[in-house]
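Structure first, commentary second.
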Amino acid sequence: MSQIRVRFAPSPTGSLHIGGARTALFNWLFARSHGGVMVLRLEDTDTERFIAEAAEQIGRTLAWLGLEWDEGPDKGGPYGPYRQSERVEIYRAAAQQLVDKGLAYPCYCTKEELAAMREEARRKGQAPRYDGRCCRLSEEERQAKEAAGIKPTLRLKVPQEGQVVVRDLIRGEVSFDNATLDDFIIMKSNGMPTYNFACVVDDAAMRITHVIRAEEHLSNTPKQILIYEALGYELPYFAHVPMILAPDRSKLSKRHGATAVEEFSEQGYLPEAIVNYLALLGWSPGDDREKMTLDEIVRDFSLEAVNKSAAIYDVRKLTWLNAQYLNELPLDTIVARAVPFFKAKGLISKDPSGKDLEYLTTVIDAVRSRVHTLAELAEAATYFFKDDFTYDEKGVRKHFAKKPGEVVEILSRGRDALARVESFTVEETEKAYRKVIDEMGIKGAALIHPTRLALSGRTMGPGLFDIIAVLGKDECIKRLDRAINYIRTLQGQD
RNA sequence: GGCCCCAUCGUCUAGUGGUCCAGGACACCACCCUCUCAAGGUGGAGACACGGGUUCGAGUCCCGUUGGGGCUACCA
C-alpha cells in the first residue's frame, strides 16, 4: 500500500470528551508510527445540533494534546474542503449516480409516517424496518407526490439476500445478514447527506486507507460497505477500537462530570499525562511500562495490540500519572503551565518575570511533589503570596490552644532566634531552631508544628525550613508575631 | 424485541495450550523514612463470570448460559 492515510472525524456538537480524544490519539499514533497522514474532518451535516464554537474548540483541544493533523479545515490539503457542510455537491453527485444506476430511490414518507410505522412494528413485536413502499411507487404516484411539493429523502436499495463481511483489524471478520438491514436513508429531505453516506463518500474521496473509529460504528459498517459497493469504491481497512465507558458502565456523556478534555485542562491536568493515560486505555506495550513518552508510544503502538473490550476510565490513575508528570517535567515547564492557575486565584497579577518569576519558581519547586494537579498546586501555595489566612482549626487545637502559655514562650524564643540569623537559608535557620530546641530541652515537634501553623495556617506542607527560607526573615517574624498575639487572645478565653 | 461486539483483581491491563497455586499499575492496608503532608522504599489483601465440551493438559480453543456494551433516527 502506498501512503497510509487516517482521519479523525468529529461532529461539532459539543466539546471533545476523552472517548473522542482516545480515538483521535489512536489514529494519530497509527499515522505517526507508519509515516502516514492524519486528516481532520468535520462532520457537520446535522444542521440542528451543530454548534459553531464546538469545531474550533475541538481543534484547540486536539492541538493542546499535541495531536496535530496534516490536513483539515484550517490547514487545507489536496482533498478538501474538510468540512462536510461544504461538500454537499459531492454527495449530491454521488447520490445521483446511485439513482441513475437504479441503486437508490426517492422516498416521500414523512417523519410522522415513519414514526407511526415503527410504532406499529414495535407493537406487533417485529423489528422496526422500512418496508420499501416508495420503491414500488408508480411514475404517476411519484409525480403526484412531487407535485404536492413533498421533498423526498433518498434511500439505498439493500439486497435482502446474502451477507456483508466486515474485515476488522482488531476484531477479525464480523458478518451481518443483509436481511437484518432495510433500505436506509442516504440523503435527507433537506438535501444533506446522512452520516453513513457522507462518511463513505469522503473516506473514499480523501483516500483514507484505514478507518479507525469507536466500536459504536461497527454496526454501521455493513451499511457503509453496501454504499462502497454501490458506488464502486475500493474498501479501506477497518479498525474498531473499544469504547470508553463511564464509571457506571454507561456511554460517556456530559452528565458524568469531567469527561470533556477541556475540563481536565481547566482542572490542571497536563496534556502529557492525559495522552499517556489514554494510550493505556485499550492498548498496552505488552510489558509493564506505564509511564511512557510519546516517542516511545509511537514506536511501540500497533493496532493488533489494541484490546477488544470496553474500558472504564478511572480518574484516579490519571491523577497519579499527572502527579508523576508534575514532578518529572522540567521545573520551568511546570511554572509556565501553572501561571494561569496562580492568576486565576489572584496570587499573581500578570505574567511574572525577574524576581517574581524566581520566587514563583522556588515556591512551585517546594510544593509540586505533594499535589496532583496545577489547580492543587496554586491552592497549596497560596500562603506564599498572601498572609491573611486563618489558622487551620484542628491545628489550632493541637498546636496553639493546648498549652497556650508554653506555646507563646516557645514561639517567641523561635522568633528571636530567627531574627538573629544573618544568612537566612534552610541550613542556617534550621541550625538556629535546633539550638532553641536543645536549650529549652523540648522536642523538635513542639517548636516546628506551631511554627508551621503560624507561617502557613496549615498543618501540612513542605519542610518547615524550606517554607522559612522561601518566605524570608521579615515575613517570618511578622507572621510569628501575629500568631503569638493570636494565641494570647486564646489564653484570655480560658 | 432483532442484529453485532465484549468478558483476568474495585479500575486499567500482561497473559496467544504446559514456564500461571496468574505478573504489573492505580486505588486500599501495614511498615520504613520523617518536623507535618506528600514523594520514595518494602510488604499485604485482591481476579481467570458460570456450565458443558476438545485435549495428556485450558485463563488461553469450541458451544451454551449469564452479564455488560453498541446499532436498530431524515444523530454522528
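Per chain, numbering begins at 1; letters A, B, ... match sequence-line order.
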* Asked: Closest heavy-atom contact between A:N178 and A:Q163?
  ->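 Smallest heavy-atom distance, with atoms named: OD1-N, 3.8 Å.
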* **Donor-acceptor pair present, A:S189 side chain and B:C74 base, under 3.5 Å** =>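 Donor-acceptor pair under 3.5 Å: yes.
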* Asked: Given that A:T13 and A:K308 both sit by RNA chain B, which one's nearest nucleotide is further toward the 5' end?
  -> A:K308
* Asked: So which one's nearest nucleotide on RNA chain B is more toward 5', A:V174 or A:Y108?
  ->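 Final value for this comparison: A:V174.
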Can you say whether the rings of [X] and [Y] are parallel (under 30°), tilted (30 to 60°) or perpendicular (over 60°)?
| X | Y | answer |
| --- | --- | --- |
| A:Y383 | A:F389 | perpendicular |
| A:Y269 | A:F264 | perpendicular |
| A:Y391 | A:F400 | perpendicular |

* Asked: Listed by chain and number, what are the side chain to side chain donor-acceptor pair (under 3.5 Å) partners of A:D288, not counting sequence neighbours?
  ->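 Counting only residues at least two positions away or on another chain, A:D288 forms no side chain to side chain donor-acceptor pair (under 3.5 Å).
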* What does nucleotides 64-73 of chain B look like as a protein-contact string, B for base, S for sugar-phosphate only, - for none, at under 4.0 angstrom between heavy atoms? -> ----SBBSSS
* Structure fact -> Given protein heavy atoms under 4.0 Å, the one-letter contact record of nucleotides 35-44 of chain B, with B base, S sugar-phosphate only and - none, is simply BBBBSS----
* By ring-ring contact (aromatic ring centres under 6.0 Å, His included) - contacts of A:Y105 (at least two apart) -> none
* Would you please test A:H217 and A:Y195 for ring-ring contact (aromatic ring centres under 6.0 Å, His included) and show each step? => CA-CA 11 Å; A:H217 294 298; A:Y195 160 71; 5.2 Å; yes
* With A:R41 via salt bridge (charged side-chain N to carboxylate O under 4.0 Å, His left out) - residues at least two apart ->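 Listed in chain order: A:E43, A:D202, A:D203.
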* Quick one: are the ring centres of A:F26 and A:F301 less than 6.0 Å apart? ->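 Close enough - the centres of the two rings lie under 6.0 Å apart.
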* Asked: So, A:E427 and A:K431, do they make that salt bridge, N to O below 4.0 Å?
  -> no
* Are A:R133 and A:E113 close enough for a salt bridge, meaning some N to O gap below 4.0 Å? ->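 Not counted as a salt bridge, because no side-chain N and carboxylate O are separated by less than 4.0 Å.
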* B:G18 and B:A58: how far apart are their C1' atoms, nearest whole angstrom? ->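 Here B:G18 and B:A58 have their C1' atoms 10 Å from each other.
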* Round to the nearest Å and state the distance from A:N322 atom CG to B:A27 atom P. =>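 In whole Å, B:A27 P lies 13 Å from A:N322 CG.
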* **Strand contacts (RNA chain B) in residues 277-293 of chain A, 4.0 angstrom heavy-atom criterion** => A:L280, A:L281, A:G282, A:S284, A:G286, A:D288, A:E290
